[in-house]
Amino acid sequence: MKTRAGAILSAIRLDRDADRSLSVQLYMGLRDLILSGGVKPGERLPASRTLGAELGISRTTVIDAVDRLVAEGLLESRVGAGTFVSDALAQHAPVAALRKPRAAPVSPPRLSATTDHALKAFARRDRLPHTPKAFVTALPALDAFPMTHWARLYARHWRRNRDMIMGYGEPFGLERLRRAIAAHLQASRGITCDPAQIFIVGGAQQAFSLIARTLLDPGDAVWFENPGAIGARNALIAQGARLVAVDVDRDGLVVADGLAKAPDMRLAFVTPSHQQPLGHVMSLARRLELLKAADAAGALIVEDDYDGDFHHGSQPQPTLKSIDTNGRVIYVGTFSKSLYPALRLGFLLAPDGLVETFRDVFTCALSGVPTAPQAIVAEFMDEGLFATHIRQMRRLYKERYEGLVHHAARLSGFLDVEPATSGFHALARLGAGVDEHALVEAARARDVVLVPLSRYCLEPIARTGVVLGYGAVADKQIAAGVDILAGLTQQAA
């Protein structure tokens, strides 16, 4: 197989009934493509015989048109290599006049009522930075990822049978990965389940959208932590859910507040292992209270355990799913935090009563996620590399958190880091007189990322603060970031 057989030029249209000859039409079509950037400088054209066959014309006709373009300097003929678009054109922008004019503006198409409502209700659409710097949130320690082991498994996978690695794959997810996840959940999170209950998705965000689409009608009440996770909030809004802002205290979601506001809730969304963004761990008493409320309402609970593997304090509380005896909890996990975000790989663990429903949905309405990342993650887990990586990251995140607390101690009174026992972000309270948004904007100007607590709120709350991610950067960068904040807080004072 030739590595460079030339561009596909099917867009060129030839009219055999036109007054102009086919050679002239081809010349003009090629010229327009070259000058408008349709084929790039240095790009190879197909051989004259190939192009003639693809356009249904003779080779001689092609040669006539190409020779004319070579004479004009738009094409270069290289002996033994072929014909290429002239490299000299790289110095010039495409000629806009040769592009097709835009159609006259028309009124936008009518949107569905659900989408129209969602676009108005979504949380802020400006995307937070996701490159390693102080104090980016939601980004794991990419600098500590075991790339050598990963590359070995990746190469091994692509040497296997083509039918296995290139076909459509299993709609519910690779069986080997589902078994590995089930074993990990039992050993690490105290959840006993059957692999048949696990469904592989393209990240936690897809899981939230799928759950909402499957279980909610527009207007159904959903208890949602306030403040709470932005991505999950938008996924639920997109399906027409009516989000009920439920207060959060140090014990987690305040069930009594939810019952007072919406006793008829259809769904509750919680992050009990490490509340997003406050960092609180839901107490066992509050977990039992939430399960009781869901049972009484005939509702379901979505447990988002986005970074539960990374506890670095005392023994963690049991997951909500592990103490659910009535099949009320849908557990959602992601590899974006435990491995890396570009995998776009997550899973949901369905209660027994929903397994057949999700099987039907995945079979009929979804095409599954790529097999390759699933297979590599499964081997990574089966070889014990995942468990080793988690242990190493727990130690690393604990060190980086302690470094943050140490460096930030001199900001006491202006910015106080609250205790954290899990994950790789922490909340910092702001002192009296420190403006949350002004501090965030001033830090941004110095290339330091702070996320205001208000960004996570469905409804305004009394407290102010900023969320500091510490997982993605080393101690030196954390210290440098704190130095900048020290200067900013002094200016604010």
Side-chain angles (χ1 to χ4, degrees), residues 130-132 138-189 191 193-208 210 231 304-310 331-350 358 362-363 366-397 423-424 471-472:
H130 284 99
T131 54
L139 193 64
L142 303 181
D143 57 317
F145 187 77
M147 191 64 78
T148 300
H149 291 303
W150 192 260
R152 173 177 58 82
L153 296 177
Y154 194 93
R156 179 195 297 172
H157 170 76
W158 286 104
R159 289 195 296 267
R160 289 184 174 144
N161 182 279
R162 291 193 182 197
D163 292 344
M164 182 186 75
I165 65 175
M166 301 179 75
Y168 278 103
E170 302 167 42
F172 318 132
L174 195 67
E175 176 67 23
R176 182 178 178 185
L177 178 58
R178 297 160 76 201
R179 289 197 307 268
I181 291 172
H184 172 72
L185 291 178
Q186 182 168 7
S188 177
R189 310 299 290 138
I191 299 172
C193 64
D194 190 290
Q197 295 175 257
I198 294 173
F199 296 84
I200 307 300
V201 292
Q205 194 79 354
Q206 186 186 47
F208 303 142
L210 177 63
D304 179 13
D305 198 16
Y306 64 102
D307 64 1
D309 278 315
F310 298 123
Y331 180 93
V332 176
T334 177
F335 290 102
S336 293
K337 308 296 187 293
S338 55
L339 293 176
Y340 59 90
L343 271 176
R344 306 313 311 140
L345 202 63
F347 62 92
L348 66 85
L349 171 56
F358 280 121
F362 273 76
T363 300
L366 297 175
S367 56
V369 299
T371 301
Q374 293 187 69
I376 296 163
V377 171
E379 289 205 36
F380 195 76
M381 298 179 80
D382 287 345
E383 289 193 8
L385 296 170
F386 185 72
T388 299
H389 180 62
I390 294 297
R391 286 192 185 93
Q392 291 174 343
M393 292 303 97
R394 284 176 181 170
R395 290 193 292 269
L396 180 63
Y397 294 145
F424 38 82

Margin query: Ignoring hydrogens, what is the shortest heavy-atom contact between Ile198 and Cys193? Give both atom names and the distance.
Written below: CD1-SG, 4.1 Å
Note to self: Within the 4.5 Å heavy-atom criterion, are Arg344 and Val369 side-chain neighbours or not?
What the structure shows: no
Note to self: If you define the side chain from C-beta out and look only at heavy atoms, does anything of Leu366 sit under 4.5 Å from Pro171?
What the structure shows: no
Check: Should the pair Phe362 and Phe358 be assigned to parallel (<30°), tilted (30 to 60°) or perpendicular (>60°) ring geometry?
Finding: perpendicular
Notebook entry, point to check: Between NE2 of His184 and CG of Asp382, what distance do you get to the nearest 0.5 Å?
Noted result: 12.5 Å
Check: Do Trp150 and Val377 have side-chain heavy atoms sitting under 4.5 Å apart?
Finding: yes
Check: Between Tyr397 and Phe424, what is the ring plane arrangement, given parallel below 30°, perpendicular above 60°, and tilted in between?
Finding: tilted
Next item on the list: To the nearest 0.5 angstrom, please state how far the CG atom of Leu339 sits from the CG atom of Leu142.
Entry: 11.0 Å
Next item on the list: Check whether any side-chain heavy atom of Thr363 sits under 4.5 Å from a side-chain heavy atom of Phe172, and report yes or no.
Entry: yes
Notebook entry, point to check: More than 12 heavy atoms of other residues, nucleotides or ligands under 6.0 Å from CZ of Arg391: is that the case?
Noted result: no
Notebook entry, point to check: Which heavy-atom pair separates Ala207 from Leu348 by the least distance, and what is that distance?
Noted result: CB-CD2, 4.3 Å
Next item on the list: Check Gly169 against Thr371 and note the closest heavy-atom contact, atom names and distance.
Entry: CA-OG1, 3.7 Å
Margin query: I'd like to know if the side chain of Arg394 reaches the main chain of Asp309, judged simply by a donor and an acceptor atom lying under 3.5 Å from each other, with no hydrogens or angles considered.
Written below: yes
Checklist line | From CZ (Arg152) to CD1 (Ile376), nearest 0.5 Å | finding: 11.5 Å
Check: Measuring from Ile181:CD1 to Gln197:CD, what's the distance to the nearest 0.5 Å?
Finding: 13.0 Å
Margin query: Using every non-hydrogen atom in the two residues, find where Met393 and Phe310 come nearest and quote the distance to one decimal.
Written below: CB-CE2, 3.5 Å
Checklist line | Smallest separation among heavy atoms of Pro341 and Leu139, with atom names | finding: CG-CD1, 4.0 Å
Checklist line | Derivation and outcome, side-chain contact (heavy atoms from CB on, under 4.5 Å), residues Leu210 and Phe199 | finding: CA-CA 11 Å; Leu210 177 63; Phe199 296 84; over 6 Å; no
Check: Where does the angle between the aromatic ring planes of Phe347 and Phe335 fall among parallel (under 30°), tilted (30 to 60°) and perpendicular (over 60°)?
Finding: tilted
Notebook entry, point to check: Taking all atoms of both residues into account, what is the closest heavy-atom pair of Gln205 and Gly231, and its distance?
Noted result: NE2-O, 2.7 Å
Check: Can you tell me if Arg189 uses its side chain to pair, donor with acceptor, with the backbone of Gln186 under 3.5 Å?
Finding: no
Next item on the list: Measure the acute angle between the ring planes of Phe386 and Phe380, then classify it against the limits of 30° and 60° as parallel, tilted or perpendicular.
Entry: perpendicular
Check: Is Met147 atom CE crowded by more than 12 heavy atoms from other residues, nucleotides or ligands, each under 6.0 Å away?
Finding: no
Margin query: Tell me whether the count of non-hydrogen atoms from other residues, nucleotides or ligands lying under 6.0 Å of NE2 in His149 goes above 12.
Written below: no
Notebook entry, point to check: Do the side chains of Leu345 and Ile200 get nearer than 4.5 Å, heavy atoms only?
Noted result: yes
Note to self: Nearest 0.5 Å, please: how far is OG1 in Thr334 from CD in Gln206?
What the structure shows: 11.5 Å
Margin query: Quick check against the 3.5 Å criterion: does His389 have a side-chain atom that pairs as donor or acceptor with the backbone of Ser338?
Written below: yes
Checklist line | Residue pair Met381 / Leu177, side-chain heavy-atom distance below 4.5 Å | finding: yes
Notebook entry, point to check: Counting N and O atoms only, with roles assigned by atom type, does the side chain of Gln374 sit under 3.5 Å from a partner on the main chain of Gly173, one being a donor and the other an acceptor?
Noted result: no
